[in-house]
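Throughout, protein chains are lettered first and strands after them, A, B, ... in sequence-line order, and every chain is numbered starting at 1. What's counted below: heavy atoms across the whole structure, side chains too, no hydrogens, waters or symmetry copies.
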Amino acid sequence: MTLKIYNTLTRDKSEFEPIEKGKVRMYVCGPTVYDNAHVGHAMSALVFDVVRRYLTYNGYDVHYVMNFTDVDDKIIDRARRLGVEPIDLAEKYIEEYKQNLQDLNVLPATDHPRATNEIDQIIGMVEKLIEKGAAYEVDGDVYFRVESAKDYGKLSGRSLDEMNAGSRIRVDERKENPMDFAVWKSAKEGEISWDSPWGPGRPGWHIECSAMNLGHLGDQIDIHGGGNDLIFPHHENEIAQSEAITGKPFARYWMHNGMLQLKGEKMSKSTGNLIPIGEFIEAHPGDVMRLMVISSHYRSPLTFNSEVIEANERALDRLLSAKKPAQADAQGAPKEILDQLANQVEATQQGFDESMQEDFNTAGALGTIFDLVRMINQARAKGATDEELSQAQQVFTTLTGVLGLELKTREKSASNADVFIDLLLDLRQELRALKNYALSDQIRDQLAELGVVIEDTAAGSTWHWE
RNA sequence: GGCGACGUAGCCAAGUUGGUAAGGCAAGGGUCUGCAAAACCCCGAUCACGGGUUCGAGUCCCGUCGUCGCCUCCA
């Protein structure tokens with residue numbers, strides 16, 4: 001396999017080679033847990049879930065770490081306003097996020113570390129940075145000295161000169177360079193804090209990710225992921241800190257997903273245009289969200305609106321159609337059709353890999369899966385038996401599984417109304433036999449209004465919830 | 001102002017190293033059906049605009065217009 005990955009650091013696509021053969025160390029920046037997560041977070045989680053699944057599918061042993069930032073200004077502010085402890089607030093949203101991920105069929109990370117569990121490690125790192133002259137303390141705060149990192153700006157493609165020149169940052173006189181950033185923040189009166197050599201305080205945002213990386217994955221990792229809004233300053237700073245500490249190149253491949261666009265704008269807290277994951281999940285299957293994400297390239301912005309949601313709901317139905325069993329009276333399909341089906345299975349397997357290997361081109365991969373769907377349905381329509389369909393359906397299930405699609409066949413229901421609906425269907429069947437179509441259609445229409453969709457086939461009628 | 005990405009049919013969207021455009025949704029026509037539904041078949045673009053390189057460009061170069069992201073917390 002020759003997998004190519006677009007690397008933000010080098011700004012090109014290059015062949016993926018892990019540090020250690022057969023193993024992948026992968027870290028993705030998780031959310032700051034001060035409120036419910038929105039579908040933009042879901043996009044990022046889904047993108048990297050697919051990356052992880054594809055690597056696993058190719059035989060890599062993937063160690064996947066996704067962190068939670070569970071202490072920072074926003075958490076503290078919100079907790080204070082709500083009159084609760086910051087830790088409890090964070091805990092609540094961590095649990096909620098984990099549930100969101102489960103609803104989206106995102107595999108749990110190998111580790112889900114949190115900043116507050118890494119304080120000792122962080123303090124140790126800050127000490128080391130000071131020792132090495134890469135950080136300095138002022139009034140209980142510790143700042144990273146950006147000028148100590150000779151290649152600062154290499155990820156985001158900026159230079160310190162440029163940044164300082166057009167700077168919109170209010171200058172803190174205590175800093176040596178306006179771009180210096182906090183690795184340790186002194187606590188204000190009454191704020192949650194931990195003791196440190198510089199007095200009570202808490203970690204800066206960037207250092208915690210460095211700590212969790214180094215602590216859980218080692219000095220060097222293969223893939224570091226996150227939204228492209230994190231490139232600067234977060235990931236830039238993570239590199240500076242980590243490399244200052246270890247003296248080694250930090251992550252080999254930096255992957256960044258594009259932003260989800262709602263009403264033509266990035267979905268974000270500050271502008272108030274957002275949809276919580278929970279809200280979306282209540283209205284649509286998780287597969288719909290996933291389908292939206294994988295039907296475009298992960299680095300592009302994702303168009304998110306009701307039209308696209310609806311289109312993908314239909315697309316999901318179409319995928320589900322491939323799983324349907326043979327017709328009740330299936331006699332076997334003509335050889336010509338079965339040959340075409342076999343060819344399509346092969347073409348799809350090959351096309352899937354070719355697309356995925358090209359920087360995880362999930363949209364292309366999905367396209368070739370839809371080709372298989374059409375061929376399966378065609379074979380079924382031409383009388384293929386379950387036996388004749390089975391191999392193609394297995395491949396279909398495997399490949400959609402690599403993309404993380406659940407494709408749960410719609411259960412008849414989760415309620416105990418089933419027996420009554422079955423009863424109505426039986427009744428309707430008899431009315432149809434008597435050619436009393438007025439009444440039988442009335443049953444169908446009224447059930448439809450209640451969300452029950454009836455499908456008549458040669459072998460009888462079936463139903464499912466809308 | 002600086003850095004970066006993008007602009008492909010009504011909508012979403014793919015397009016590997018340049019050789020005449022995947023797929024999904026919608027719309028329309030047809031098969032099947034008592035009628036529907038589902039499924040199947042048929043049907044649509046010269047790729048923002050202008051120039052250039054080339055035998056040949058959506059795919060490389062330059063310019064114009066437009067959209068978006070980052071530069072401040074952010075997936």
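Taking the C1' atoms as reference points, B/rG7 lies 15 Å from B/rC11, given to the whole Å. Taking atom C1' on both nucleotides, B/rU17 is separated from B/rG56 by 16 Å, rounded to a whole Å. Taking atom P in both B/rG44 and B/rG10, one finds a spacing of 14 Å when rounded to whole Å. If you take atom P in B/rA27 and the same atom in B/rA38, they sit 11 Å apart, rounded to whole Å. To the nearest whole angstrom, the two C1' atoms, one in B/rG66 and one in B/rG24, are 27 Å apart. A gap of 28 Å separates the C1' atoms of B/rU53 and B/rC3, to the nearest Å. Taking atom P on both nucleotides, B/rA48 is separated from B/rA9 by 8 Å, rounded to a whole Å. Annotation: B/rG19 and B/rC47 have their C1' atoms spaced 16 Å apart (nearest Å).
B/rU67 and B/rA5 make up a base pair, with Watson-Crick or G-U wobble contacts both under 3.5 Å. Both distances falling under 3.5 Å, in either a Watson-Crick or a G-U wobble arrangement, occur for no nucleotide opposite B/rG34. Across the strands present, B/rU59 finds no partner; the criterion is a Watson-Crick or G-U wobble pair with both atom distances under 3.5 angstrom. Summarising the base pairing, B/rU17 is matched to no nucleotide, lacking a Watson-Crick or G-U wobble pair whose two defining distances lie under 3.5 Å. Base pairing analysis places B/rU72 opposite nothing; no Watson-Crick or G-U wobble pair with both distances below 3.5 Å involves it.
Listed by first and then second residue, the side chain to side chain donor-acceptor pair (under 3.5 Å) pairs involving residues 396-405 of chain A amount to none (not counting sequence neighbours).
Here A/H297 lies in heavy-atom contact (under 4.0 Å) with sugar-phosphate atoms only. Nucleic acid contact for A/G40: base, since at least one base atom lies under 4.0 Å from a heavy atom of the residue. Among the protein residues, A/L260 comes within range of the nucleic acid bases, having at least one heavy atom under 4.0 Å from a base atom. A/E310 comes within 4.0 angstrom of no nucleic acid atom, judged by non-hydrogen atoms across all strands.
Applying the 4.0 Å criterion to OP1 and OP2 of B/rG24, one finds that A/R318 has a side-chain N or O inside that range. Phosphate proximity of B/rC73 to A/T32: absent, as no side-chain N or O sits under 4.0 Å from OP1 or OP2. In this structure, A/N377 reaches the B/rC40 phosphate: one of its side-chain N or O atoms is under 4.0 Å from OP1 or OP2. Residue A/K13 places no side-chain N or O under 4.0 Å from the OP1 or OP2 atom of B/rU17.
Applying the side-chain contact (heavy atoms from CB on, under 4.5 Å) test to A/D353 and every residue at least two apart in sequence or in another chain returns A/Y54, A/Y57, A/Q357. Among residues two or more places apart in sequence or in another chain, the side-chain hydrogen bond (donor to acceptor under 3.5 Å, both in side chains) test is passed with A/H284 by A/E313. Residues forming a side-chain contact (heavy atoms from CB on, under 4.5 Å) with A/S296 (at least two apart in sequence, or on another chain): A/L302. Among residues two or more places apart in sequence or in another chain, the side-chain contact (heavy atoms from CB on, under 4.5 Å) test is passed with A/R11 by A/Y6.
Only A/E358, A/N361, A/A363, A/G364, listed by number, bring a heavy atom of residues 350-366 of chain A to less than 4.0 angstrom from any atom of RNA chain B.
A donor atom on one side chain and an acceptor atom on the other are found under 3.5 Å apart for A/H216 and A/E118. A donor-acceptor contact closer than 3.5 angstrom links the side chains of A/S156 and A/R158.
Using a 4.0 Å cut-off between charged side-chain N and carboxylate O, A/E336 and A/K382 make no salt bridge.
The residue among A/M375 and A/R299 whose nearest nucleotide of RNA chain B is located toward the 5' end is A/R299.
Remark: A/L431 CG to A/I443 CD1 distance equals 5.0 Å, nearest 0.5 Å.
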In B/S/- notation (B base, S sugar-phosphate only, - none; protein heavy atoms under 4.0 Å), nucleotides 27-37 of chain B written 5' to 3' is -------BBBB

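Rounded to whole Å, atom P of B/rA75 lies 20 Å from atom CD1 of A/I223.
Of the candidates B/rC41, B/rA75, B/rA14, the closest approach to any side-chain atom of A/M43 belongs to B/rA75. Nearest to the side-chain atoms of A/M259 among the listed nucleotides B/rA75, B/rA14, B/rA22 stands B/rA75.
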List the atom pairs, with distances to 0.1 Å, where a side-chain N or O of residues 98-109 of chain A and a protein N or O form a donor-acceptor pair under 3.5 Å, not counting sequence neighbours.
residue	atom	partner	partner atom	Å
A/Q99	NE2	A/D103	OD1	3.0
A/N105	ND2	A/G404	O	2.9

Determine all donor-acceptor pairs shorter than 3.5 Å in which one atom belongs to a side chain in residues 321-335 of chain A; sequence neighbours excluded.
residue	atom	partner	partner atom	Å
A/S321	OG	A/R318	O	2.5
A/S321	OG	A/N377	ND2	2.9
A/K323	NZ	A/L407	O	3.2
A/Q331	NE2	A/D329	O	3.1
A/K335	NZ	A/D339	OD2	2.7

